[in-house]
Structures are given as C-alpha cells and as structure tokens.
2 protein chains.
Amino acid sequence: MTHQRQVLFEVMQKMHGHPSPEEVYEIVRKKVPSISLATVYKNIHLFVDCGIFREVSLHHGTQRIELNARPHHHMVCSECKTISDIDEQALGLMPARKKLPGGFLVERYSVDVIGLCPKCQAKGLVH
Amino acid sequence: MTHQRQVLFEVMQKMHGHPSPEEVYEIVRKKVPSISLATVYKNIHLFVDCGIFREVSLHHGTQRIELNARPHHHMVCSECKTISDIDEQALGLMPARKKLPGGFLVERYSVDVIGLCPKCQAKGLVH
DNA sequence: ATCGCTGCAAAACATTTGCAGTTTG
DNA sequence: CAAACTGCAAATGTTTTGCAGCGAT
C-alpha cells in the first residue's frame with residue numbers, strides 16, 4: 001500500500017460519472033504531481049481485478065461489428081471476454097417505456113448478461 | 001459502389017459472431033488481396049452510419065471506470081455517446097435466471113438503454 | 001533484505017487522416 | 001469530367017511493458 005495507491009483510491013472514490021484513466025490521471029496529478037500515467041493504469045487494473053471498481057464495458061478494447069440482425073442480447077464472459085448471442089425471447093424480460101427520467105428518448109435496449117461461459121466454469125474447477 | 005465495398009459487404013454478410021475490423025480485413029484480403037485496412041475501416045464506418053450493421057458497444061473507445069456502487073444501468077446517447085446512470089428500480093425490469101442456454105452462469109445483468117439524450121434531441125430539431 | 005511499486009521511455013495496438021492517383025457514375 | 005473512393009504512409013490516441021531505482025514490510 002503505497003502513497004500513490006492510497007491517493008489514487010481516495011480521488012476515485014470522490015469522483016463521479018465514468019471517468020477514463022486519463023481523466024483520473026489529471027485529477028490525481030494535482031495531489032501527486034510526480035505520478036505517472038502508467039502507475040494510474042496499473043492501479044486501476046488492480047482495483048478492477050480486486051472488484052473495488054468495475055469497467056463500464058467488458059469489451060472496449062476493439063470495435064466489434066454486430067452481424068446478427070435478429071433481436072438479441074449478449075452473454076459476456078467475465079473471464080475470457082467472449083461474447084455470445086442470446087435471443088431476446090430466450091432472455092425473457094424487457095421494459096417498454098419510451099421515456100426515461102431526465103427526458104431520455106429510448107431507441108432500444110441492449111442487455112449484457114455478464115457471467116461465466118461453460119469453458120471458464122470448467123477451468124475454474126481446476127483452481 | 002466500388003468493387004471493394006461490394007466484396008466487403010458480401011463477406012460481412014456471410015460472417016458470424018462479432019468480428020473486429022482486423023478479422024474482417026483478414027477474410028476480405030483473400031478475395032481482394034490489395035485491399036487496405038484503412039479501406040475496411042472507412043467502409044465499416046459507412047455501413048454503421050447507414051444502419052446496415054451496428055457496433056456491439058457504443059463505448060469501446062477507451063476504458064471507463066464505474067464509480068457508482070449502487071445497482072444501476074446506463075443510458076447511452078447514440079449521438080454524443082454520453083453515458084448517464086439510471087437506478088435499477090427506475091428502469092423496472094429483471095427476471096433472475098441464473099442459468100441460461102448453453103450453460104452460461106449469470107453473475108449480473110448490465111443494461112444499456114440506447115437512445116437520445118435531451119441535448120441531442122434538442123439539436124435534432126434544428127435539422 | 002526482499003519484494004513489490006514507481007516513473008520513465010519505448011513498444012504495442014487500434015484507429016484515423018492526408019494525399020496522390022484511380023475508379024465510378 | 002466531377003465526385004467519391006482506394007492504398008499507402010504517417011499521425012494519433014490508448015494501453016502495456018521493460019527496467020532501474022525507490023519504498024514498504
């Protein structure tokens with residue numbers, strides 16, 4: 001538990017919204033001017049791995065194109081990040097409101113079911 | 001409508017899953033070896049803008065950290081990509097199946113409500 | 001003393017852009 | 001022919017890595 005990590009954690013606790021590592025860096029810099037962006041990245045990883053914070057999207061690394069035109073949603077494996085499709089019906093939920101608080105106008109819903117795919121469940125048994 | 005665009009479209013139609021631009025490029029290359037990755041990117045943008053294909057995630061550019069610890073989901077503006085939070089209760093849904101087809105083990109659900117934020121609705125009136 | 005952590009700089013990716021030359025309608 | 005499109009190479013932006021030195025236990 002280093003000083004940098006301590007301050008980083010406190011700063012993040014006080015922030016709002018969905019900041020990028022860069023944005024966190026800009027704020028932390030004010031308290032620890034010598035901190036490096038690499039350290040911010042390393043610690044954010046650590047926090048996410050520990051479950052202290054989480055990532056908004058598990059698949060932000062590269063763009064992925066949706067080829068399946070049928071109404072469906074996604075099952076995303078939190079281990080291996082694999083995305084598989086699940087039919088909207090098989091999931092069976094869905095609100096239908098078209099206006100949400102704040103005046104947001106709904107076009108569609110996109111559900112990520114996050115969990116473990118069969119392969120990673122199997123791997124888990126080995127641990 | 002160029003030859004490259006034609007082939008690219010046909011190839012993508014036949015692919016499955018959620019390929020990255022690189023993966024599409026590797027396949028198209030087999031039919032049009034001289035095609036460049038930049039062209040693939042440009043055309044994918046074009047297809048997405050036209051609504052022919054869509055992106056799996058609207059916020060894949062950079063990592064975003066979730067700071068809000070309360071159960072909530074996201075409203076993502078398809079215009080400006082801004083993410084705002086909405087309480088799980090305010091959204092009002094959610095069955096709780098823990099096993100899904102294919103043996104996927106559910107940890108949690110993450111819902112993106114995609115649509116237009118008030119600001120972009122206002123801008124839209126100007127057009 | 002040991003191990004982990006930092007900061008720096010370079011590397012590795014992913015994506016975009018400028019531009020000259022080519023193709024399409 | 002004009003406008004749009006391609007391929008290339010360089011630029012940009014994001015994240016990771018190697019490593020030498022510093023700090024925490």
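Sequence lines set the chain letters: A, B, ... in the order given, protein chains first and strands last, and positions in each chain run from 1.
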task: Nearest-nucleotide wise, let me know which of A:P21 and B:K42 is further upstream toward the 5' end of DNA chain D.
output: B:K42

- request: Answer yes if the side chains of B:S20 and A:Q63 hold a donor-acceptor pair under 3.5 Å, and no otherwise.
  value: no

- request: Classify the nucleic acid contact of A:Q63 as base, sugar-phosphate or nothing, counting any heavy atom under 4.0 Å across all strands shown.
  value: sugar-phosphate

- prompt: What's the NE2-C1' distance between A:H45 and C:dC5, to the nearest Å?
  reply: 16 Å

query: Are any of B:Y41's side-chain N or O atoms less than 4.0 Å away from OP1 or OP2 of C:dT15?
result: yes

- request: Kindly state which residues belonging to residues 29-39 of chain A come within less than 4.0 angstrom of DNA chain C, counting heavy atoms of the residue only, listed by number.
  value: A:S34, A:I35, A:S36, A:A38, A:T39

- prompt: Would A:E55 and A:H45 count as having a side-chain donor-acceptor pair, cut-off 3.5 Å?
  reply: no

- prompt: Do B:T62 and A:E22 meet the criterion of a side-chain donor-acceptor pair at a distance under 3.5 Å?
  reply: no

field: Spacing of A:R64 atom CZ relative to C:dC13 atom C1', expressed in whole Å
entry: 13 Å

Polar pairs (N or O, both sides) under 3.5 Å between protein and nucleotides 21-25 of chain C?
none

task: Would you confirm whether the ring centroid of A:H59 sits within less than 6.0 angstrom of the ring centroid of B:H18?
output: no

Test item: side-chain donor near acceptor, A:D87 and A:H73, under 3.5 Å: no

pair B:V113-B:V111: side-chain heavy atoms closer than 4.5 Å: yes

message: Students should find this one: the first and last nucleotides of DNA chain D, 5' to 3', lying under 4.0 Å from a heavy atom of chain A. What are they?
response: D:dT14 to D:dG18

Nearest-angstrom distance from the residue atom CG of B:L46 to C1' of C:dT15: 16 Å

- prompt: Under 30°, 30 to 60°, or over 60°: which ring-plane class applies to A:F9 and A:F47, parallel, tilted or perpendicular?
  reply: perpendicular

query: Any side-chain donor-acceptor pair under 3.5 Å between B:N68 and A:H16?
result: no

query: Backbone N or O of A:G103 within a donor-acceptor pair of the B:Q121 side chain at under 3.5 Å?
result: yes

- request: Decide if atom CZ of B:R64 counts as having more than 12 heavy atoms of other residues, nucleotides or ligands within a radius under 6.0 Å.
  value: yes

message: Counting the atoms with a prime plus P, OP1 and OP2 as sugar-phosphate, which does A:H60 contact under 4.0 Å by heavy atoms, base, sugar-phosphate, or nothing?
response: nothing

query: Would you say the side-chain atoms of B:H72 and B:E66 include a donor-acceptor pair closer than 3.5 Å?
result: yes

